[in-house]
2 protein chains.
Amino acid sequence: MGTSNWLDDNQQRTWRSWLDLHAQLNARINRQLQAATGLSLSDYAILVELTPEEAEGSLRMFELGERLQWEKSRVSKQVSRMEARNLVVRRHCADDRRGAFVDLTPEGRVAIEAAAPGHVELVRELFFAGLSDEQVRQLGDFAEGVLARLAATD
Amino acid sequence: MGTSNWLDDNQQRTWRSWLDLHAQLNARINRQLQAATGLSLSDYAILVELTPEEAEGSLRMFELGERLQWEKSRVSKQVSRMEARNLVVRRHCADDRRGAFVDLTPEGRVAIEAAAPGHVELVRELFFAGLSDEQVRQLGDFAEGVLARLAATD
DNA sequence: GGAGGGTTGTTGACATGGCAACCATCGACC
DNA sequence: GGTCGATGGTTGCCATGTCAACAACCCTCC
C-alpha cells in the first residue's frame, strides 16, 4: 500500500484523459479502417504480423498469439473469420500434427497494402502530430516501463 | 498528406508499445476488478459517474452517455445489466416523459466504495509508478492534445 | 394547433473477446 | 513402448459493444 490512498488531481486528470483517449482513438481508427478498406483493427493486426520479410507470409497460430499477446481462442476465431474472406488460409503443419500455419493470401496482401497508407497517415495525424522525436521517445519509454511492470507482476 | 508516408523506427516502436500497453493494462485491471469485487470496468465507470456530490447519486441516461462518451445503446444495456444486479435503478423523469434517471442504490454505493481503493492502488502501482508530477502533467497534456484533435476532426 | 424535425431511450441483429472444457498430439521419462 | 504432463488448437457459452431501426416524446415555427 502506497503512502496516499488516492490519486491527486493531476493524476486524476491524466488517468481520465488517458482512458478517454484510448476509447476515442480506437473507435476512430477502427471506423476509418472499416470504412476505407473493410478491415477491422484485428484483421489489420494479423495481416501486419504476416507481412514482414522474416515471416514470409506465414506463421504458426501460436506465434501470432505470442506476438499479438492474444488468447489462443481469439487467434483461432479471428483466423476463421479472415479465412472466410480469403485474406488468409490455414495450412497443416507437417512437423507437428496438432499445429497449423496461417498463410497470407494474395488477396490478403493486396488488402494490407491498400490499407496501410491511410491507416498510418491517420495515426500520424492524430497521435504523433506535433510531437518531437524526444517526446515520442519518452512516450515509448513510458509505455515500455508500464509493460515491464505488467510483465513483472504477471 | 505528410512529407513522409510511413512511421520512423522511433514512432513505430512507440505506437506498438502504446497499443500493447492498452490491451495489457486494460485486461489486467479488468481481471483484478472482476476477481476482487465482481464489477467490470464498465460497471465501475458508471458507478464513478454517479458518486460525486454534484450528481447526488442520480443522473439522466444521456448525461451518463455524454460524460463517458458512450453510445446511448451501450448506456442502456449497461444500466439494464446493473439494474438486474441491484447496483442502480431506473426512475421515471417527470419533466421529460421520454427520459429516465439512473439512481445509485445503497448496494451500488457499497460496491463502489469497496472497489475503489484496490482499483486505485493498482492504477497507481502500474501506471503512475516512478513518474514525477511533471511527467504526469506532460502525459495528461499529450492525451488532451490528441483528444482535442479527435474532437476537431470530428 | 399541428406538422415536422430533433431528442431520449430501447431493442434486435450481429461481431467480437474472454474463459473453460475439450481433443489430439508431442515429448520426456521410466 | 507406455504413461503422463505440457502444448497447440477448436469450440461453446457468455458478456460486451456497434449499428440501425424504432417508439415515444419534445419543441419550434407557421
Side-chain angles (χ1 to χ4, degrees), chain A residues 19 22-35 38-46 58-85 87-103, chain B residues 19-20 22-35 37-46 58-85 87-103:
Chain A
L19 290 178
H22 179 58
Q24 307 293 329
L25 187 58
N26 223 55
R28 170 72 66 89
I29 289 180
N30 221 327
R31 265 199 300 276
Q32 186 272 342
L33 205 53
Q34 189 73 50
L39 296 176
S40 70
L41 259 176
S42 295
D43 296 331
Y44 191 89
I46 294 275
S58 183
L59 284 175
R60 287 288 296 273
M61 290 286 238
F62 77 94
E63 289 182 292
L64 282 170
E66 279 173 8
R67 299 192 189 204
L68 296 171
Q69 292 284 296
W70 285 7
E71 301 242 339
K72 51 190 184 170
S73 73
R74 184 177 176 187
V75 178
S76 181
K77 290 175 191 185
Q78 184 64 37
V79 166
S80 296
R81 285 188 295 257
M82 294 176 71
E83 202 172 16
R85 289 185 293 145
L87 296 169
V88 297
V89 203
R90 264 181 253 247
R91 181 165 48 82
H92 290 298
C93 173
D95 299 343
D96 185 338
R97 289 195 301 171
R98 296 165 299 182
F101 282 104
V102 182
D103 290 7
Chain B
L19 289 178
D20 213 24
H22 234 304
Q24 307 293 332
L25 187 57
N26 223 55
R28 170 69 67 88
I29 289 180
N30 220 327
R31 264 198 302 276
Q32 186 272 341
L33 204 53
Q34 189 72 49
T37 70
L39 296 176
S40 70
L41 259 176
S42 295
D43 296 331
Y44 191 89
I46 294 276
S58 182
L59 284 175
R60 287 287 297 273
M61 289 286 235
F62 77 95
E63 289 182 292
L64 282 171
E66 279 172 8
R67 299 192 189 204
L68 296 171
Q69 293 284 297
W70 285 6
E71 302 241 339
K72 52 193 183 169
S73 71
R74 183 177 176 187
V75 178
S76 180
K77 289 177 188 183
Q78 183 63 38
V79 167
S80 296
R81 285 188 295 257
M82 293 175 72
E83 201 172 15
R85 288 186 293 146
L87 297 169
V88 298
V89 203
R90 263 181 253 249
R91 181 165 48 84
H92 290 298
C93 172
D95 298 343
D96 185 338
R97 288 195 300 170
R98 297 165 298 183
F101 283 105
V102 182
D103 290 6

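Computed from heavy atoms alone, side chains included, the values below leave out hydrogens, waters and symmetry copies. Naming: A, B, ... by sequence-line order, numbering from 1 per chain.
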Minimum heavy-atom separation for [X] and [Y], please, with both atom names.
{"X": "B/V88", "Y": "B/V79", "value": "CG2-O, 4.0 Å"}
{"X": "B/S42", "Y": "B/R74", "value": "OG-NH2, 3.6 Å"}
{"X": "B/A100", "Y": "B/C93", "value": "N-CB, 4.2 Å"}
{"X": "B/Q78", "Y": "B/W70", "value": "CG-CZ3, 3.9 Å"}
{"X": "A/D103", "Y": "A/S58", "value": "OD1-OG, 2.8 Å"}
{"X": "A/F101", "Y": "A/H92", "value": "CD1-O, 4.1 Å"}

**Message:** I'd like to know if the side chain of A/N30 and the backbone of A/A27 have a donor-acceptor N/O pair within less than 3.5 Å.
**Reply:**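 Not confirmed, A/N30 side chain does not pair with A/A27 backbone.
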
**Prompt:** Do any N or O atoms from the side chain of B/S76 and from the backbone of B/K72 form a donor-acceptor pair under 3.5 angstrom?
**Reply:**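 Side chain of B/S76 to backbone of B/K72, a donor-acceptor pair under 3.5 Å: no, none is there.
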
**Item:** Sequence-aligned protein contact record of nucleotides 11-18 of chain D, with B where the base is within under 4.0 Å of a protein heavy atom and S where only the sugar-phosphate is
**Value:** BBB--SSB

Integer-rounded Å distance: [N] [atom2] and [X] [atom1]:
{"X": "B/R28", "N": "C/dG18", "atom1": "CZ", "atom2": "P", "value": "14 Å"}
{"X": "A/M61", "N": "C/dC26", "atom1": "CE", "atom2": "P", "value": "17 Å"}
{"X": "B/E66", "N": "C/dT7", "atom1": "CD", "atom2": "C1'", "value": "11 Å"}
{"X": "A/N30", "N": "C/dA15", "atom1": "CG", "atom2": "C1'", "value": "11 Å"}
{"X": "A/F62", "N": "C/dT25", "atom1": "CZ", "atom2": "P", "value": "18 Å"}
{"X": "A/I46", "N": "C/dT16", "atom1": "CD1", "atom2": "P", "value": "12 Å"}
{"X": "A/F101", "N": "D/dG9", "atom1": "CZ", "atom2": "C1'", "value": "14 Å"}
{"X": "A/Q69", "N": "C/dG17", "atom1": "CD", "atom2": "C1'", "value": "15 Å"}

**Message:** Within the 4.5 Å heavy-atom criterion, are B/D43 and B/T37 side-chain neighbours or not?
**Reply:**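 The answer is no; the side chains never approach within 4.5 Å.
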
**Prompt:** Are the side chains of A/Q34 and A/L41 in touch, meaning some heavy atoms are under 4.5 Å apart?
**Reply:**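 Not touching, per the 4.5 Å side-chain cut-off.
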
Short N/O separations, protein against nucleotides 24-26 of chain D, under 3.5 angstrom:
{"unit_1": "D/dC25", "atom_1": "O2", "unit_2": "B/R98", "atom_2": "NH1", "d": "3.2"}
{"unit_1": "D/dC26", "atom_1": "OP1", "unit_2": "B/R97", "atom_2": "N", "d": "3.2"}

Find every protein N or O atom lying less than 3.5 Å from an N or O atom of nucleotides 1-3 of chain C, and list the pairs.
none

**Request:** Please step through side chain to side chain contact (heavy atoms under 4.5 Å, CB included) for the pair A/V89 and A/E83, ending with a clear verdict.
**Result:** CA-CA 5 Å; A/V89 203; A/E83 202 172 16; 4.0 Å; yes

